[in-house]
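Inspection log for the structure reproduced underneath, given as structure tokens.
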Amino acid sequence: MGLFLHPIFTTRAHVFQIDPNTKKNWMPASKQAVTVSYFYDVTRNSYRIISVDGAKVIINSTITPNMTFTKTSQKFGQWADSRANTVFGLGFSSEQQLTKFAEKFQEVKEAAKIAKDKTQEKIETSSDHSQESGRETPSSTQASSVNGTDDEKASHTGPANTHLKSENDKLKIALTQSAANVKKWEIELQTLRESNARLTTALQESAASVEQWKRQFSICRDENDRLRNKIDELEEQCSEINREKEKNTQLKRRIEELEAELREKETELKDLRKQSEIIPQLMSECEYVSEKLEAAERDNQNLEDKVRSLKTDIEESKYRQRHLKVELKSFLEVLDGKIDDLHDFRRGLSKLGTDN
């Protein structure tokens, strides 16, 4: 980017500045993500963060050793610039970009500290030399003024004029070099302008590409929404399919149960068919048994009739037996009387025999 600014690190981010009134709210300094770069300034021996949005410089911050870059979120960081009297904020597209920028900030801050120390050493060294030369010149002058005469003073005046002349020559050379440097700086400025023009063209092209990417992003987002809706529909269909599968599983289990019951019924039907084959034989046996039963019933009826007649006969025989007992008893009583009479007659006979 020219002879005096050397790029070190470049990234892209959204640039913000703190609101100078509230010191709380962030104000966007760029409408879109812009290029943010670390540069080394050769002329000033310093490090800068520079960002350009079109033809506008939105960041030109010189890094000092006392600056601190703070991560406030996963994709946002900030640092305070006391010279610019503001706070810059950068929003990155990823946490990795923020981490790289913060690491580079720390590295550049350390380099700025080393450069400042070296510059301080050079200043101290030059000041020491100037003090020593200053101390030596008055002493020599004083010595000449005290000990020397007018001729000596005149002789010392010539070297002083020579010294002034040489100093003037050095100043002329320095002016000539500064004029050359001015021309060089004008060339560098022209180069910077051309570079800015190229950067503007590149930014315009990038803006056009960003618009194209925005359109493509919008198309992709619409497509993504459509796909999400389609996925939701498919998930709903999948849930319905799962419910149908569960119903089918239940129906399969029910069908298996019914098939098992059907097999049992078929087994029972086979048994009944086997039994039905012996039904005619059983019917014939039943008819035979029925006939036997009817015959037995008839026989039973006859037997009952016989029993009734036998009962009647028994009753009559009992009646006759009772009547016979009564007659027998009366006969026995008569017989006993006859026997008694016979004994009496026998005793009478015996008595008669005795008497005879």
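Values in this document were obtained by computation on a predicted structure and should not be read as measured data. The first residue of the sequence shown is numbered 1, and numbering continues consecutively from there.
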Under the side-chain contact (heavy atoms from CB on, under 4.5 Å) rule, what do Thr62 and Arg44 come out as? Steps first, then yes or no, please.
CA-CA 10 Å; Thr62 301; Arg44 297 184 181 181; 5.6 Å; no

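- Rounded to the nearest 0.5 Å, atoms OG (Ser37) and CD1 (Ile59) are 10.0 Å apart.
- Test Tyr47, Phe69, Phe88 against Phe105 for ring-ring contact (aromatic ring centres under 6.0 Å, His included) and you get one pass: Phe69.
- How far CG of Leu234 is from CD1 of Ile241: 8.5 Å, rounded to the nearest 0.5 Å.
- The CD1 atom of Ile18 sits 8.0 Å away from the NZ atom of Lys23 when rounded to the nearest 0.5 Å.
- In this structure a side-chain-to-backbone donor-acceptor pair under 3.5 Å is present from Ser350 to Arg346.
- Of the charged side-chain nitrogens involved, at least one lies within less than 4.0 Å of a carboxylate oxygen, so that Glu107 and Lys104 count as a salt-bridged pair.
- Lys116 places no side-chain N or O within 3.5 Å of a backbone atom of Thr64 that could act as its donor or acceptor partner.
- When atom types are taken as modelled, the side chain of Asn302 and the backbone of Arg298 share a donor-acceptor pair closer than 3.5 angstrom.
- If you take CD on Glu294 and CD on Glu287, they are separated by 10.5 Å, rounding to the nearest 0.5 Å.
- Taking OH from Tyr319 and CG from Asp313, the interatomic distance works out to 15.5 Å, rounded to the nearest 0.5 Å.
- Atom CG of Asn248 sits about 16.0 Å away from atom CZ of Arg254, to the nearest 0.5 Å.
- You'll find the side chain of Ser93 stays beyond 4.5 Å of the side chain of Arg12, heavy atoms only.
- Summarising the hydrophobic clusters (Ile, Leu, Val, Met, Phe, Trp, Tyr; side-chain heavy atoms under 4.5 Å, direct or chained), the residues clustered with Leu332 are Leu328, Phe331, Leu335, Ile339.
- Applying the side-chain hydrogen bond (donor to acceptor under 3.5 Å, both in side chains) test to pairs two or more places apart or on separate chains, those with a residue in residues 226-240 are Glu223-Arg226.
- Ile49 and Val42 end up in the same hydrophobic cluster when Ile, Leu, Val, Met, Phe, Trp and Tyr side chains are linked at under 4.5 Å.
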Going through the checks in order, is the side-chain contact (heavy atoms from CB on, under 4.5 Å) test met by Glu297 and Gln301?
CA-CA 6 Å; Glu297 287 179 353; Gln301 187 66 34; over 6 Å; no

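- Under the 4.5 Å side-chain heavy-atom criterion for ILVMFWY residues, a single connected hydrophobic cluster contains both Val34 and Ile8.
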For Leu98 and Gln74: C-alpha separation, side-chain torsions, deciding distance, then whether side-chain contact (heavy atoms from CB on, under 4.5 Å) applies.
CA-CA 8 Å; Leu98 173 61; Gln74 292 182 351; 5.9 Å; no

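- With respect to the salt-bridge test (charged N to carboxylate O, under 4.0 angstrom), the residues Glu277 and Lys274 do not qualify.
- Between Leu90 and Val15 the shortest side-chain heavy-atom distance falls below 4.5 Å.
- By the 30° and 60° cut-offs, the orientation of the rings of Tyr38 relative to Phe9 is tilted.
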For side chain to side chain donor-acceptor pair (under 3.5 Å), just list the numbers for Asp53 and Ser30, CA-CA rounded to whole Å, side-chain angles, deciding distance to a tenth of an Å, and then say yes or no.
CA-CA 7 Å; Asp53 185 11; Ser30 62; 5.2 Å; no

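- Counting heavy atoms from C-beta outward, Lys329 and Lys325 have side chains that stay 4.5 Å or more apart.
- Criterion: ILVMFWY side-chain heavy atoms under 4.5 Å apart, direct or through other members. Under it, Trp79 and Ile58 are part of a common hydrophobic cluster.
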Does the pair Leu342 and Lys338 meet the rule for a side-chain contact (heavy atoms from CB on, under 4.5 Å), with working shown?
CA-CA 6 Å; Leu342 183 57; Lys338 294 296 184 181; over 6 Å; no

